[in-house]
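Note sheet for the following structure.
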Amino acid sequence: MEVSASDRELIAVMRHYFAAKAELESLKAQLEAARQAVGEAIAVFYDPRQNAEHAADL
């Protein structure tokens with residue numbers, strides 16, 4: 001089976017998408033674990049103005 005150039009490009013894009021998606025899920029899990037560890041309310045923890053420590057990640 002021959003793979004066209006557009007198929008290879010699509011595969012590359014999809015690999016990038018799934019890598020980014022996995023990275024995002026990992027970051028979300030880390031942030032939620034940090035929130036639960038400090039016992040902070042969701043609205044406060046995920047507000048970058050009130051949570052300077054994690055503002056860049058939010």
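Phe45 pairs with exactly one of His54, Gln50, Glu53 by the side chain to side chain contact (heavy atoms under 4.5 Å, CB included) rule, that one being His54.
Considering only residues two or more places apart in sequence or on other chains, Ser26 meets the side chain to side chain donor-acceptor pair (under 3.5 Å) condition with Gln30. Qualifying side chain to side chain donor-acceptor pair (under 3.5 Å) partners for Glu32, counting only residues two or more places apart in sequence or in other chains: Arg35, Gln36, Tyr46.
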With side-chain contact (heavy atoms from CB on, under 4.5 Å) as the test, would you mind laying out the steps for Asp57 and Leu27 before giving the verdict?
CA-CA 8 Å; Asp57 295 329; Leu27 178 58; 4.0 Å; yes
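Between Ala55 and Pro48, the shortest heavy-atom contact is CB-O, 3.7 Å.
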Give every donor-acceptor pair under 3.5 Å between a side-chain atom in residues 8-19 and any protein atom, sequence neighbours left out.
from: Arg8; atom 1: NH1; to: Val3; atom 2: O; distance (Å): 2.6

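Few gaps surround CD on Glu25; more than 12 heavy atoms of other groups in view lie less than 6.0 Å from it.
Linking ILVMFWY residues whenever their side-chain heavy atoms come closer than 4.5 Å, directly or via other members, leaves Ile42 and Val44 in distinct clusters.
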